[in-house]
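Throughout, protein chains are lettered first and strands after them, A, B, ... in sequence-line order, and every chain is numbered starting at 1.
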Amino acid sequence: MERTKITALIAADRSPGSVLIKGWVRTRRDSKTFSFIELNDGSCLKNIQVIADDSLPDYEEVKKLSTGSAVVIKGKMVESEGGGQKWEIRADEVEIISIAPDTYPLQKKRHTDEYLRTIAHLRPRSNKYGAAFRIRSELSWAIHKFFKEKEFRYIHTPIITGSDCEGAGEMFRVTSLPLDNLPRKEGKTDFSADFFGKEANLTVSGQLSAEMFALSLGDVYTFGPTFRAENSNTSRHAAEFWMLEPEMAFCDLTGNMDLGEELIRYLTRYVLDNCTEDMELFARFVDKNLMATLENIVRGDFVRLPYTEAVEILQKSKKKFEYPVTYGKDLQSEHERYLTEDHFKKPVILYNYPKEIKPFYMRVNEDGKTVAAMDVLVPGIGEIIGGSQREERLEILESRMEEGGLNKEEYWWYLDSRRYGSVPHSGFGMGFERFIMLVTGIRNIRDVIPFPRTPNSIEF
RNA sequence: UCCCCAGUAGCUCAGUCGGCAGAGCAGGUGGCUGUUAACCACCGUGUCCGUGGUUCGAGUCCGCGCUGGGGAGCCA
């Protein structure tokens with residue numbers, strides 16, 4: 001007999017008769033002549049209830065089944081005599097695969113997220129984390145679906161990069177040199193003896209590579225792991241995370257904002273439509289306002305606000321800020337939060353930032369003072385997308401690199417794209433984990449990554 | 001990296017003014033029951049994060065360290 005996943009059984013309109021199920025015991029309750037087993041196989045949030053009668057040959061063994069134990073059960077699916085579930089399985093055979101001893105760390109009760117982080121290898125067996133990682137999987141798929149429908153090409157940009165400065169934070173060094181005995185040359189480490197013959201790092205962004213492919217294939221995106229060696233200790237930063245980076249040729253900042261907004265709306269609607277059961281868990285137990293927040297995202301347009309106007313709104317507001325709002329400085333978290341959570345109460349796209357506070361590759365506007373940058377800010381999380389129209393004019397790009405103290409020779413291939421057939425183009429990066437946090441209401445990035453990597457933490 | 005808070009049983013937490021270490025859940029035993037985080041009775045459970053100090057006496061007060069959390073910065 002072929003195994004049936006529990007999700008299919010729960011959804012059935014009529015009994016398929018005999019079934020074979022495999023899974024882990026969530027809990028067991030004994031009655032006088034039989035035992036109720038709640039079985040979960042990870043295919044969905046719900047358990048299926050199994051009735052194991054004392055007439056079973058190994059009933060004494062069945063009574064030893066503890067939370068976490070693994071079993072294979074053959075039985076008939078029948079309508080449940082009790083309330084609370086439509087179907088249940090009357091077991092004909094119970095094969096015990098393994099009994100979990102009472103040291104099993106997951107108990108039949110609520111655990112704190114902090115505790116579950118210490119057992120990250122077992123936490124996906126809990127309701128909340130099972131749901132979170134099913135949603136993560138569905139969202140990954142939805143991203144590809146969205147871009148496929150829009151005829152974008154999926155580009156695999158390198159994880160190891162030779163650019164020693166991609167302009168976005170500290171990088172992890174990649175080397176095959178013996179760290180306890182580094183080759184030296186003129187008082188410095190001799191990287192010509194290293195694997196690649198020069199310094200290499202883990203990527204902090206696929207953008208520069210993606211730009212080359214946008215200027216070849218048109219509309220492209222990358223979606224993969226990204227690394228930052230920043231000593232960030234917050235609930236929304238990780239050293240290894242996944243980033244989605246679309247890049248579009250012949251596209252200006254407005255088109256870029258349109259895509260970001262459409263993407264967020266599409267993905268939000270996707271989880272609401274396709275992960276209903278798992279989403280209900282988050283709406284009930286994690287964030288009571290979750291559905292209202294998400295409805296708000298799916299329905300209304302995002303606010304689009306130039307940086308200058310945002311500064312004016314913040315300066316006019318009666319709210320007392322810890323840090324003053326001054327033109328020419330980056331907004332503080334508290335300022336962003338005020339805009340999305342108090343003033344507008346919806347996602348806000350800030351654009352046209354002062355060029356001094358943004359990287360060299362962002363396109364300088366006609367005013368000569370601002371660049372065509374845009375950040376999408378959402379309530380509760382803050383920045384979820386950061387992007388820009390790219391500087392396509394060679395001379396301006398070169399002078400911006402000089403201002404930023406970058407070595408133009410290192411970027412010869414990047415600059416080539418502005419020498420040969422340069423066109424206006426735009427793109428952005430979306431933090432995948434931050435998006436999962438947004439739709440689930442989970443407040444710590446460590447709880448939406450299977451095995452999170454943060455400063456001083458790489459246990460699993 | 002900076003600021004703040006916490007660390008007590010397997011888990012969640014209480015512990016008053018410095019004076020014998022506690023509860024619920026989990027686990028064990030027995031009972032009851034088409035049960036639903038089942039229920040009832042009984043039973044066991046400690047490097048009070050570590051270290052140094054103050055004190056007749058420290059879970060409690062002080063210093064240092066470690067770990068975890070919240071916030072800030074860096075950003076996605």
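Residue A:Ser235 places at least one side-chain N or O under 4.0 Å from the OP1 or OP2 atom of B:rG71. In terms of phosphate contacts, A:Gln332 brings a side-chain nitrogen or oxygen within less than 4.0 Å of OP1 or OP2 of B:rG73. Considering only side-chain N and O atoms, A:Thr234 lies nowhere under 4.0 angstrom from the phosphate OP1 or OP2 of B:rA72. Here A:Asn233 does not reach the OP1 or OP2 of B:rG69: none of its side-chain N or O atoms lies under 4.0 Å away.
Taking every side-chain heavy atom of A:Thr112 into account, B:rU12 is the closest of B:rU12, B:rC75, B:rG34. Of the candidates B:rG34, B:rA72, B:rG68, B:rG34 carries the atom nearest the A:Glu88 side chain, counting heavy atoms from C-beta on. Here the side chain of A:Phe36 is nearest to one of B:rG34, B:rA76, B:rU1, namely B:rG34. Each of B:rG68, B:rU33, B:rA38 was ranked by its minimum atom distance to the side chain of A:Arg29; first place goes to B:rA38.
On a pure distance criterion of 3.5 Å, a polar donor-acceptor pair joins the side chain of A:Arg228 and the base of B:rA76. With hydrogens and angles ignored, no donor-acceptor pair closer than 3.5 Å exists between the side chain of A:Glu230 and the base of B:rU1. With hydrogens and angles ignored, no donor-acceptor pair under 3.5 angstrom links the side chain of A:Ser333 to the base of B:rG71. Remark: the A:Arg110 side chain and the B:rC25 base include no donor-acceptor N/O pair separated by less than 3.5 Å.
In this view, A:Tyr266 and A:Phe146 satisfy the ring pair (Phe, Tyr, Trp, His ring centres under 6.0 Å) rule, not counting sequence neighbours.
Taking the ring centroids of A:Tyr221 and A:Tyr154, they lie under the 6.0 Å cut-off. Between A:Phe432 and A:Phe241, the distance separating the two ring centers is not shorter than 6.0 angstrom.
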Could you run down the sub-3.5 Å N/O contacts of the protein with nucleotides 26-29 of chain B?
from, atom 1, to, atom 2, distance (Å)
B:rG27, O2', A:Asp102, OD2, 3.3

N/O to N/O distances under 3.5 Å, protein versus nucleotides 39-42 of chain B:
none

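Spacing of P atoms, B:rC4 relative to B:rC62, comes out at 14 Å, to the nearest Å. With both ends at atom P, the span from B:rA37 to B:rU1 equals 45 Å, rounded to whole Å. Taking atom C1' in both B:rU45 and B:rG24, one finds a spacing of 14 Å when rounded to whole Å. The C1' atoms of B:rC2 and B:rG73 are separated by 8 Å, rounded to the nearest whole Å. To the nearest whole angstrom, the two P atoms, one in B:rC61 and one in B:rG18, are 8 Å apart. Comparing the P positions of B:rG50 and B:rC66 gives an interatomic distance of 16 Å, to the nearest angstrom. Only the P atoms considered, B:rA58 is 38 Å distant from B:rG71, to the nearest whole Å.
Residue-level contact check: A:Arg26 touches neither bases nor backbone, having no heavy atom under 4.0 Å from any strand. Residue A:Phe34 is classed as a base contact, given a heavy-atom separation below 4.0 Å to a base. Among the heavy atoms of the strands lying under 4.0 Å from A:Glu114 are primed sugar atoms or P, OP1, OP2 only; no base atom is included. In this structure, A:Asn456 reaches neither bases nor backbone, as no heavy-atom distance under 4.0 Å exists between it and the strands shown.
Looking at which nucleotide of RNA chain B each of A:Arg90 and A:His111 is closest to, the 5′-most match is held by A:His111.
Under the 3.5 Å distance criterion, with hydrogens and angles disregarded, no donor-acceptor pair is assigned to the side chains of A:Ser137 and A:Ser140. In summary, the side chains of A:Gln332 and A:Glu336 do not present any donor paired with an acceptor at a separation below 3.5 Å, with no hydrogens or angles considered.
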Chi angles and distances behind the side chain to side chain contact (heavy atoms under 4.5 Å, CB included) call for A:Ile21, A:Leu9: CA-CA 9 Å; A:Ile21 54 175; A:Leu9 296 182; 3.4 Å; yes

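Looking at A:Asp53 and A:Tyr59, their side chains never come closer than 4.5 Å, going by heavy atoms from C-beta outward.
Straight-line distance from the CD1 atom of A:Ile48 to the C1' atom of B:rG34: 16 Å, rounded to whole Å.
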